[in-house]
Protein chains: 2
Amino acid sequence: MTDTASRLDQILTKLRALDCRITPQRLAVLRILLESPGHPTMEEIYAQVRRDFPTVSLATIYKTATLLKGLGEVLEVGMRHGSSRYDAHKPYPHPHVICTHCKAILDFEELPLAELTQAIAEKTGFEIRDHQLEFFGLCPACREGGSPT
Amino acid sequence: MTDTASRLDQILTKLRALDCRITPQRLAVLRILLESPGHPTMEEIYAQVRRDFPTVSLATIYKTATLLKGLGEVLEVGMRHGSSRYDAHKPYPHPHVICTHCKAILDFEELPLAELTQAIAEKTGFEIRDHQLEFFGLCPACREGGSPT
DNA sequence: TTCTTTTGGAAAATTATTCTCCGCAAAGAA
DNA sequence: TTCTTTGCGGAGAATAATTTTCCAAAAGAA
């Protein structure tokens, strides 16, 4: 079984366990999230799902993504400007490197933020539940040709 | 001269050098940014400026903040949900600890992200220009009383 | 003063996201 | 099977945050 297939299976099992219906639309959203190598936006997912379900609405995409996010199966990557991106491959906080020109997003390997989180919790008294770390800049391609932003 | 006064002076000098007009409205926005201990939103700045300039518009606040951001004198802290916060005290990227319940924001001391930025640039070929690091959770007060989010 | 440029204000426009309402359809009960 | 309950999807409205447009007023230069 491929990674994608087993991940899909894992999520479907979780949905069933929670008495959530596996509708064709939800399945389509899930598939696209898992088949996208990158970090699609809602609009991109919407466009893809519409190829199979021309009448699907954007609200359904949002609802499904919110559901999956709530289950911890999808990570929302909040862009500072523009739409959020979604990642079903690594649904836990991890660093990103983002091109501000072409909007490309790269995952970056795990950093030892767990211990840092712990240190911050102790120092501030906060109960830390989440974090986000993003580096912004220009990707190699945009450094060359593009008009830098 | 106090820190706030010298910082204000420093920014005014920069504005003058760039032939930007120091209008009463801009001065008011600047003062509020520098007098706020926290990280105010546009709406909060707007409300404060309106006490002295009842006819000022929100657009003016945004224009001024955007100008200052462009000069590198104000940092925009992008919340994932809700309005951005602005910080004129430390206008360079630095970590924040944010309470998702009461929206409190704490600065956290500098972390050695400069060398990490350098490492990422070398590894990815990106020209890194900015980063953001935010930890989300519940502050001590909200852990106690509030209904956790 | 007169000309030119910049600024500020009001409202409209944009972008991203969420909500409401209603009919339908699936799953379990009888 | 038939009834019933509940969740789900779709259309469009609503909301929130931010930006833009347009024009008159203000400021600086000649």
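Just so we're on the same page: letters track the sequence lines, and every chain starts at 1.
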Rounded to whole angstroms, how far apart are [atom1] on [X] and [atom2] on [N]?
X: B/L15; N: C/dT6; atom1: CG; atom2: C1'; result: 14 Å
X: A/I22; N: D/dG7; atom1: CD1; atom2: C1'; result: 13 Å
X: B/Y62; N: D/dT21; atom1: OH; atom2: P; result: 17 Å
X: A/R21; N: D/dT6; atom1: CZ; atom2: C1'; result: 6 Å
X: B/R80; N: C/dT18; atom1: CZ; atom2: P; result: 13 Å
X: A/I61; N: C/dT17; atom1: CD1; atom2: C1'; result: 13 Å
X: A/Q25; N: C/dA26; atom1: CD; atom2: C1'; result: 13 Å
X: A/M79; N: C/dT17; atom1: CE; atom2: C1'; result: 16 Å

**Request:** Please list residues of residues 32-55 of chain A whose heavy atoms come under 4.0 Å from any atom in DNA chain C, ordered by number; otherwise none.
**Result:**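 Contacting residues: none.
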**Item:** Sub-4.0 Å heavy-atom contacts from residues 82-97 of chain B onto DNA chain C, ordered by number
**Value:**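 Under 4.0 Å from DNA chain C: no residue of residues 82-97 of chain B.
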**Item:** Ion pair B/E76/A/R80, N-O distance below 4.0 Å
**Value:**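 Looking at B/E76 and A/R80, the cut-off is not met.
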**Message:** Quick check: closest heavy atoms across B/L58 and B/M42, and the distance to 0.1 Å?
**Reply:**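 Shortest heavy-atom contact: CD1-O, 4.2 Å.
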**Asked** Is it the case that B/R50 places NZ or CZ above or below the six-membered ring of B/Y46, under 6.0 angstrom from the centre and within 45 degrees of the axis?
**Response**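 Relative to the ring axis of B/Y46, which defines the angle, B/R50 lies inside both limits.
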Using a cut-off of strictly less than 4.0 Å, decide whether [X] has a side-chain nitrogen or oxygen near OP1 or OP2 of [N].
X: A/T60; N: D/dG10; value: yes
X: A/T23; N: D/dG9; value: yes
X: A/R26; N: D/dC8; value: yes

**Beyond-backbone contact of A/R85 with A/I105, side-chain heavy atoms, under 4.5 angstrom** =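 When only atoms from C-beta onward are counted, A/I105 and A/R85 do touch, with a gap below 4.5 Å.
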**Request:** First locate atom OG1 of B/T66, then atom CG of B/L71, and finally report the distance between them rounded to the nearest 0.5 Å.
**Result:**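 It is 11.0 Å, given to the nearest 0.5 Å.
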**Separation between CZ of A/R26 and CD1 of A/I61, rounded to the nearest 0.5 Å** =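 The CZ atom of A/R26 sits 11.5 Å away from the CD1 atom of A/I61.
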Should [X] and [Y] be counted in the same cluster of Ile, Leu, Val, Met, Phe, Trp and Tyr side chains packed under 4.5 Å apart?
X: B/M79; Y: A/F126; value: no
X: B/L111; Y: B/I98; value: no
X: B/I128; Y: A/L133; value: yes

**Message:** For B/H81 and B/P24, find the nucleotide of DNA chain C closest to each by heavy atoms; which residue's nucleotide sits nearer the 5' end?
**Reply:**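 The 5'-side residue here is B/P24.
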**Message:** Any N or O donor-acceptor pair under 3.5 Å from the base of D/dG7 to the side chain of A/K63?
**Reply:**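 Checked by distance alone, the answer is no.
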